[in-house]
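Since the structure comes first, as structure tokens, the remarks are kept for the end.
Side chains are part of it too, since the values below use all heavy atoms of this structure and drop only hydrogens, waters and symmetry mates.
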Amino acid sequence: MTAQIIDGKHLARRLRTRFRERVAALSMRGVVPGLAVVLVGDNPASQVYVANKVKACEESQVRSFMHRFPAACTETELLERIGELNLDPATHGILVQLPLPPQVNVRRVLESIVVDKDVDGFHLYNVGALVVGNSIFPPCTPYGVQLLLETTGIDVAGKNVVVVGASNIVGKPMALMLLQKEATVTICHAKTRDLAHHTIHADILVVAAGKPGLIKAEMVKEGAIVIDVGINRLADGRIVGDVDFEAVRERAAWITPVPGGVGPMTVTMLIENTLRSAERFAQGEAFHPAQPFWQVPAR
Ligand code: NAD
């Protein structure tokens, strides 16, 4: 069996075309969706990710506002700026590019973003909402994976899903989202003994470990759907995922390539969440940030 390719680039392009209609509908109501991007320091990977996000905004006619800080900036400076953005009516989404330098408490910064503008979905309120299956802004990478899975037409309910990787931004929210869709979910991580023992039972295997070549063909069930979230730069400059693509392709029914799979979807879902936020503000579903979210009526 040679797997069919799940084409993230193509799906991302289709979704972005539809975004333009939503932007036009918002502009009829006098709203231009806006995303604030906070970038601290000069980490080369972060700069590439941020450039991709800004480009995606331009393509979707979403305004982007860059807020750059030197690597030596203080936590207070960041918190003050986020406080201003929380109140800024032109900003519907606030994204803080991670990682942050060691003098900054990441959790404190993420918790300072008002819930209604938390388009990355990392605020504890949105994480909790994900746990109870009622998320406003699902985290972008697992959200993108969910849409990629939908393109296969295969219902995840009752399927054995194995998620390799248990980070807060990919593995854990991915597992929660698939559990919400009634899959039977196993989460593996660096301390998991005998990884293959778990992966071989997966009808759907989602890999987000950041280890090139981690998943070999003999670890994959014949006919499985394999989603490779990993992005690794090899010494020769090539970008590869965590899955041995060529070999696994001969066993799986569906597989995502790297690049061109999950990556383009992550950026696209950030725009989706920003548009959703602008629509919520336009419809009066989002609340003024001066009023803490725990004092507003239940949604
Ligand atoms: P992370 O380092 O925060 O977490 C990695 C997880 O993988 C951990 O839970 C760790 O225990 C687990 N792990 C590590 N080695 C393992 C092994 N040998 N066996 C089983 N589990 C193992 O990383 P992250 O931020 O979740 O990102 C994971 C990968 O996904 C990276 O390559 C990253 O670049 C990529 N990523 C891609 C996108 C995208 O848009 N495609 C978005 C986010 C992250």
Whether the side chain of Thr141 engages the backbone of Thr266 through a donor-acceptor N/O pair (distance < 3.5 Å, no angle test) should be reported. no
Separation between CD1 of Ile94 and CG of Leu85, rounded to the nearest 0.5 Å: 5.0 Å
For atom CZ of Arg233, decide whether the heavy atoms of other residues, nucleotides or ligands shown that lie under 6.0 angstrom number more than 12. no
Let me check something: do Ile225 and Val164 share a hydrophobic cluster, defined by ILVMFWY side-chain heavy atoms less than 4.5 Å apart, either directly or through other members? no
I'd like to know whether Leu214 forms a side-chain contact (heavy atoms from CB on, under 4.5 Å) with Leu195, so could you lay out the CA-CA distance, the side-chain angles of the two residues, the decisive distance to 0.1 Å, and finally the verdict. CA-CA 10 Å; Leu214 179 66; Leu195 184 61; 4.0 Å; yes
Would you name the heavy atoms of Val162 and Cys188 that are closest together and state the gap between them? CG1-SG, 3.8 Å
Grouping I, L, V, M, F, W and Y whenever their side-chain heavy atoms are under 4.5 Å apart, do Ile231 and Val262 come out in a common cluster? no
Correct closest heavy-atom pair for Pro173 and Pro139 would be CB-CG, 3.8 Å
Looking at NZ of Lys53 and CG of Leu95, how far apart are the two atoms once the value is rounded to the nearest 0.5 Å? 4.5 Å
Looking only at heavy atoms, which two atoms of Asp242 and Pro212 are closest? And how far apart? OD1-N, 4.1 Å
Quick one: which of Asp120, Asn126, Val96 gives a side-chain contact (heavy atoms from CB on, under 4.5 Å) with Ile113? Val96
Using side-chain heavy atoms (C-beta onward) and a distance below 4.5 Å, is Lys221 in contact with Asp203? yes
Decide yes or no for Glu59 and Lys55: does some side-chain heavy atom of the first lie under 4.5 Å from some side-chain heavy atom of the second? yes
On a heavy-atom basis, which atom in Ala56 and which in Val267 lie closest, and how many Å separate them? CB-CG1, 3.3 Å
Looking at Val32, is its backbone amide N or carbonyl O close enough to the side chain of Gln61 to form a donor-acceptor pair, meaning the two atoms are under 3.5 Å apart? no
Here the pair of heavy atoms bringing Leu26 nearest to Ala282 is CD2-CB, 4.0 Å
Full working for side-chain contact (heavy atoms from CB on, under 4.5 Å) between Leu15 and Glu272: CA-CA 9 Å; Leu15 289 171; Glu272 161 70 35; 6.0 Å; no
Looking at Asn232 and Gly241, would you say the former's side chain and the latter's main chain have a donor-acceptor pair under 3.5 Å? yes
Applied to residues 44-95, the ring-ring contact (aromatic ring centres under 6.0 Å, His included) test, sequence neighbours excluded, yields His92-Phe281
Answer whether the closest heavy-atom distance between the side chains of Asn160 and Thr186 falls below 4.5 Å. no
Tell me the closest heavy-atom pair linking Thr274 and Gly34, and the distance in Å. CG2-O, 3.8 Å
Pairwise distance CG(Leu87) to NZ(Lys117) - rounded to 0.5 angstrom: 7.0 Å
Is Gln4 reaching over with its side chain to a backbone N or O of Ala253, donor-acceptor style, under 3.5 angstrom? no
Taking everything shown except Glu150 itself, do over 12 heavy atoms lie less than 6.0 Å from its CD? yes
Spell out, as yes or no, whether a donor-acceptor pair under 3.5 Å connects the side chain of Arg251 to the backbone of Glu218. no
State, yes or no, whether a side-chain contact exists between Asn273 and Tyr143 at a heavy-atom distance under 4.5 Å. yes
Linking I/L/V/M/F/W/Y whenever any side-chain heavy atoms sit under 4.5 Å apart, do Phe137 and Tyr125 land together? yes
Under 3.5 Å, side chain of Arg280 to main-chain N/O of Ala286, donor-acceptor pair present? no
How about Ile271 and Arg16: do any of their side-chain heavy atoms sit closer than 4.5 Å? no
Quick one: do Ile200 and Val248 end up in the same hydrophobic cluster if we chain Ile, Leu, Val, Met, Phe, Trp and Tyr together by side-chain heavy atoms under 4.5 Å apart? no
Nearest-0.5 Å distance, CG of residue Leu179 to CG of residue Leu130: 10.0 Å
Distance from Glu111 atom CD to Leu79 atom CG, nearest 0.5 Å? 11.0 Å
Joint hydrophobic cluster, Ile239 plus Val50, side-chain heavy atoms closer than 4.5 Å: no
Would a 4.5 Å heavy-atom cut-off, applied to side chains only, mark Ser46 and Pro99 as touching? yes
Run the side-chain contact (heavy atoms from CB on, under 4.5 Å) test on Val109 and Leu100 for me, step by step, so that the C-alpha distance in whole Å, both residues' side-chain angles and the decisive distance to 0.1 Å come before the verdict. CA-CA 9 Å; Val109 168; Leu100 292 173; 4.1 Å; yes
State whether the side chain of Thr152 and the backbone N or O of Leu148 hold a donor-acceptor pair below 3.5 Å, judged by distance alone. no
Counting only heavy atoms not in Asp194 (residues, nucleotides, ligands), do more than 12 fall under 6.0 Å from its CG? yes
N/O donor-acceptor pair under 3.5 Å between Ser277 side chain and Asp118 backbone: no
Between Ile154 and Lys159, is there a side-chain heavy-atom distance shorter than 4.5 Å? yes
Interatomic spacing from CD1 in Ile227 to CG in Leu149 - rounded to 0.5 Å: 4.5 Å
Does His10, at its NE2 atom, have more than 12 non-hydrogen atoms belonging to other residues, nucleotides or ligands within less than 6.0 Å? no
Can you check whether Val40 reaches Val104 side chain to side chain, under 4.5 Å on heavy atoms? no
Can you list the steps and then say if Ile255 with Ile5 is a side-chain contact (heavy atoms from CB on, under 4.5 Å)? CA-CA 5 Å; Ile255 191 166; Ile5 301 294; 3.9 Å; yes
